[in-house]
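As the structure lists them, so they are numbered: ligands from 1, and atoms in each ligand from 1.
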Amino acid sequence: MSLNQLDGHTILIGLMAYPIRHSMSPTMHNHAFEKLGLNYAYLAFEITNDGLEGAVNAIRTLDMRGSNISMPNKQKIIPLLDKLDPATEMIGAVNTVVNDNGVLTGYTTDGIGMIKSLDDEGIDIRGKKMTMAGAGGAGTAIAIQCALDGVKEISLFNRDDEFFAQAKRNVDLINEKTDCKATLHKLEDQDDFKAEIDSAFIYCDATSVGMNPLEGQTLVSDPSWFRKDLVVFDTVYAPRTTKLMEVAEEAGVEHVFNGLGMMLEQGAAAFKLWTGKEMPVEYIRNILFNEDK
Ligand code: NAD
């Protein structure tokens, strides 16, 4: 279905957030629909908390197939939905809504996207230890999804800020509800941070450090903290090479990733929930970023 062939049967998918005009998701999904010949259209709507209830009702009224949800609505939407999938219930935030004949189910695909992006590179983190920093939206989705999907041990670091309580909640929930063993650590304890990275299979930075306005900064600046066989994953994808990635490369780390694959795969997971089809991820990567893997 070409973009100029929308017709009376076209199925609408939304994106409800504010601000949202900068989002790449409309381009991502509309090109994927076109490539696969699916009669869907994806549109962004500027929705704040105030307009959220009306917007969620509109999903049912307009018989939309669903929507992506972003800030500031990821938590506020929960009481407005009929169901949450179990991982999303633990994560406590929604980025995707699916409408099945008026029944709205909330999902979150960020953690799924992170794991899938590593699978795509032939890296399996199941049964291994992950040391990570960050317990905001991205960090929470990653920690809980990884614990549910079979990561054996997670050492979760956060600085002593307003997200530390969330970090504690994540660790408690993981220990209570999954087979993963999670421990909580303060980022301020640098000896502990170094030791936990040293004993991990993967180090994941899910903080905002490294992206604007913290571009050029990193939580690990000493290359000697990184073994060559450690996997280093930064959730940031703008800039494409972060300071953390530079430090890892200086250390000779072989597997160093930015968050681009995660971003594409979280979109692909939502696409699959709405359409039942696999998003042509490499085709979309090329359109959005003009680059192959
Ligand atoms: P958030 O605001 O919800 O959480 C921010 C986190 O960073 C918190 O844990 C906070 O304690 C930590 N932090 C902030 N400044 C810090 C500093 N100076 N030192 C140490 N820790 C600090 O943000 P979020 O939505 O979770 O996003 C976090 C990162 O994940 C961002 O870089 C974002 O670009 C990235 N992200 C990537 C994807 C993707 O698909 N690749 C998706 C979502 C978010």
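In this structure, Ile20 is a member of the same hydrophobic cluster as Met24, with clusters built from ILVMFWY side-chain heavy atoms closer than 4.5 Å.
In terms of N/O distances under 3.5 Å, ligand 1 is approached by Asn158. At a 3.5 angstrom cut-off on N or O pairs, Leu260 does not count as close to ligand 1. Residue-to-ligand polar distances keep Phe163 apart from ligand 1: every N/O pair is separated by 3.5 Å or more.
Judged by the 6.0 Å and 45° rule, Lys35 forms a cation-pi pair with Tyr283.
Neither the backbone nor the side chain of Thr140 comes within 4.0 Å of ligand 1, counting heavy atoms alone. Only side-chain heavy atoms of Arg159 come within less than 4.0 Å of ligand 1; its backbone N, CA, C and O stay farther off. Here Thr207 has heavy atoms under 4.0 Å from ligand 1 in both its backbone and its side chain. For Tyr237, every heavy-atom contact with ligand 1 shorter than 4.0 Å involves the side chain, none the backbone. Using a 4.0 Å cut-off between heavy atoms, Val209 contacts ligand 1 through its side chain alone, with no backbone atom that close. Contacts with ligand 1 closer than 4.0 Å are made by no heavy atom of Ala238, backbone or side chain.
Each of the atoms 32 (O) of ligand 1 lies under 4.0 Å from some heavy atom of Val236. For ligand 1, the atoms sitting less than 4.0 Å from at least one non-hydrogen atom of Met262 are 38 (C), 39 (C), 40 (O), 41 (N), 42 (C), numbered in the order shown with element in parentheses.
In this structure, Phe193 and Tyr203 have perpendicular ring planes: the angle between them is above 60°, well past the 30° mark.
Among Ala138, Ala206, Ser117, the residue whose heavy atom lies closest to atom 24 (P) of ligand 1 is Ala138.
The nearest pair of heavy atoms linking Asp82 to Leu104 is OD2-N, 2.7 Å.
Put simply, part of Ser208 is less than 4.0 Å from ligand 1, judged by heavy atoms. Using a 4.0 Å heavy-atom cutoff, Leu219 is listed among the residues neighbouring ligand 1.
Here the side chains of Phe233 and Met114 are in contact, with some heavy-atom distance below 4.5 Å.
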